[in-house]
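What you see is a predicted model, and the numbers here were worked out from it, not measured in a lab.
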Amino acid sequence: MLVDSHCHLNFPALSENLDSIFAGMKQNCVSHALCISVNLPEFPQVLALAERYPNIYASVGVHPDYEEDREPSVAELVNLAAHPRVVAIGETGLDYYRLKGDLEWQRERFRVHIRAAKEANKPLIIHTREAAQDTLRIMEEEGAGQAGGVMHCFTESWEVAEKAMEIGFYISFSGIVTFKNAKMLKDVAKRVPLERMLIETDSPYLAPVPYRARPMNRPS
């Protein structure tokens, strides 16, 4: 059986087709999925799915791309993470691709999530895009290894993967690893030990080859 370690089942493209989604998971031996929080206003939707379906779990966090969202406190994240169906903090991290300018608020948000994960004793789900060095630096400065977690939708170099694993993190590969131009990522995937590797769909995004032309990705 397989576990989809990162998907967004509460997003409309998927939430409106849950019967089909779960049938496809069963048919393709996907036994469990982790539904990822990207902001606090929609967190109740994520949690409701985890409470309703025994094979779905939830995370809690605010994505680094959600610039206009209010900043969560450590105490707030720890309180929400106390729910038994919440198994991780995130998704959090840094994204210098989508957002430009003074991103100190993004780095501070990341630090808050790391501190919350350590206090809640739950792993982190880390997003990093064109920000690998700052991501690793903050992980080390904040002691992210005490919480552990996963580098989600990994697209960085082997050196970044190696450093993340040294800190205590898993490396998760999405459908991007099937793309024709993902030669560097394929090499990284060959080198990551299986016991340190996770898989994910990040659905409804990033459909793998040969399904890229479909309107949406799904856990199956």
Side-chain angles (χ1 to χ4, degrees), residues 3-7 32-40 43 46-47 50 57-66 69-96 103-174 188 191-200 202:
V3 174
D4 185 351
S5 69
H6 193 113
C7 61
H32 294 76
L34 178 54
C35 188
I36 305 298
S37 167
V38 295
N39 60 37
L40 294 187
F43 170 69
V46 175
L47 184 60
Y57 291 86
S59 74
V60 60
V62 182
H63 194 288
D65 287 351
Y66 285 60
D69 280 40
R70 68 174 180 82
E71 297 302 328
S73 67
V74 171
E76 184 175 19
L77 290 171
V78 170
N79 180 60
L80 293 172
H83 192 288
R85 302 297 295 176
V86 176
V87 299
I89 302 288
E91 98 189 61
T92 183
L94 303 177
D95 193 319
Y96 297 171
L103 298 179
E104 185 57 34
W105 63 268
Q106 204 178 77
R107 291 184 283 273
E108 181 57 31
R109 179 185 289 178
F110 186 26
R111 292 181 187 276
V112 166
H113 281 73
I114 295 173
R115 293 165 190 169
K118 288 162 61 180
E119 186 171 332
N121 195 31
K122 296 199 173 176
L124 286 152
I125 299 163
I126 294 182
H127 169 114
T128 183
R129 192 168 186 190
E130 295 191 2
Q133 296 312 310
D134 278 359
T135 299
L136 292 172
R137 175 178 58 82
I138 291 173
M139 288 168 66
E140 289 193 302
E141 290 175 357
E142 294 291 338
Q146 294 178 40
V150 59
M151 307 300 286
H152 123 80
C153 192
F154 193 82
T155 56
E156 302 293 336
S157 66
W158 166 248
E159 289 73 24
V160 174
E162 192 172 37
K163 184 62 178 178
M165 289 188 289
E166 286 177 7
I167 296 173
F169 278 71
Y170 290 78
I171 307 298
S172 182
F173 294 100
S174 70
V188 174
R191 299 173 72 177
V192 171
L194 283 177
E195 63 269 18
R196 303 300 297 277
M197 184 187 296
L198 298 180
I199 55 172
E200 63 174 270
D202 202 10

Search all heavy atoms of [X] against all heavy atoms of [Y] and return the closest pair with its distance.
| X | Y | value |
| --- | --- | --- |
| Ala116 | Leu77 | CB-CB, 3.7 Å |
| Ser59 | Val46 | O-CG1, 4.1 Å |
| Pro72 | Leu40 | CB-CD1, 3.9 Å |
| Leu34 | Val87 | CD1-CG2, 3.6 Å |

Note to self: Quick one: does any side-chain atom of His152 pair with a main-chain N or O of Ser174 as donor and acceptor, under 3.5 Å?
What the structure shows: no
Item checked: Any donor-acceptor pair under 3.5 Å from Arg196 side chain to Met165 backbone -> yes
Next item on the list: Could you tell me how the ring of Phe173 sits relative to the ring of Phe154: parallel (under 30°), tilted (30 to 60°) or perpendicular (over 60°)?
Entry: perpendicular
Close side-chain approach of [X] to [Y], heavy-atom, < 4.5 Å:
| X | Y | value |
| --- | --- | --- |
| Gln133 | Val160 | yes |
| Ile114 | Thr92 | no |
| Leu47 | His83 | yes |
| Met139 | Ile126 | yes |

Can you tell me how far apart [atom1] ([X]) and [atom2] ([Y]) are? Round to the nearest 0.5 Å.
| X | Y | atom1 | atom2 | result |
| --- | --- | --- | --- | --- |
| Gln106 | Asp95 | CD | CG | 6.0 Å |
| Phe43 | Cys35 | CZ | SG | 10.0 Å |
| Lys163 | Thr135 | NZ | OG1 | 13.5 Å |
| Glu162 | Ser157 | CD | OG | 9.5 Å |
| Thr155 | His127 | OG1 | NE2 | 8.5 Å |
| Ile171 | Met151 | CD1 | CE | 6.0 Å |

Checklist line | Within 6.0 Å of CG in Asp69, more than 12 heavy atoms from elsewhere | finding: yes
Checklist line | Heavy atoms from other residues, nucleotides or ligands near OH of Tyr170 exceed 12 (cutoff 6.0 Å) | finding: no
Item checked: CA sep, side-chain torsions, deciding dist, call: Arg70, Glu76, salt bridge (Lys or Arg N to Asp or Glu O under 4.0 Å) -> CA-CA 12 Å; Arg70 68 174 180 82; Glu76 184 175 19; 2.5 Å; yes
Notebook entry, point to check: Less than 4.0 Å between a side-chain N and a carboxylate O, is that true for Arg111 and Glu141?
Noted result: yes
Note to self: For a salt bridge (Lys or Arg N to Asp or Glu O under 4.0 Å) check, start with the C-alpha distance between Arg115 and Glu108, then their side-chain angles and the critical distance, and finish with the verdict.
What the structure shows: CA-CA 11 Å; Arg115 293 165 190 169; Glu108 181 57 31; 3.7 Å; yes
Notebook entry, point to check: Given Glu142 and Lys118, is the salt bridge (Lys or Arg N to Asp or Glu O under 4.0 Å) satisfied, shown in steps?
Noted result: CA-CA 9 Å; Glu142 294 291 338; Lys118 288 162 61 180; 5.1 Å; no
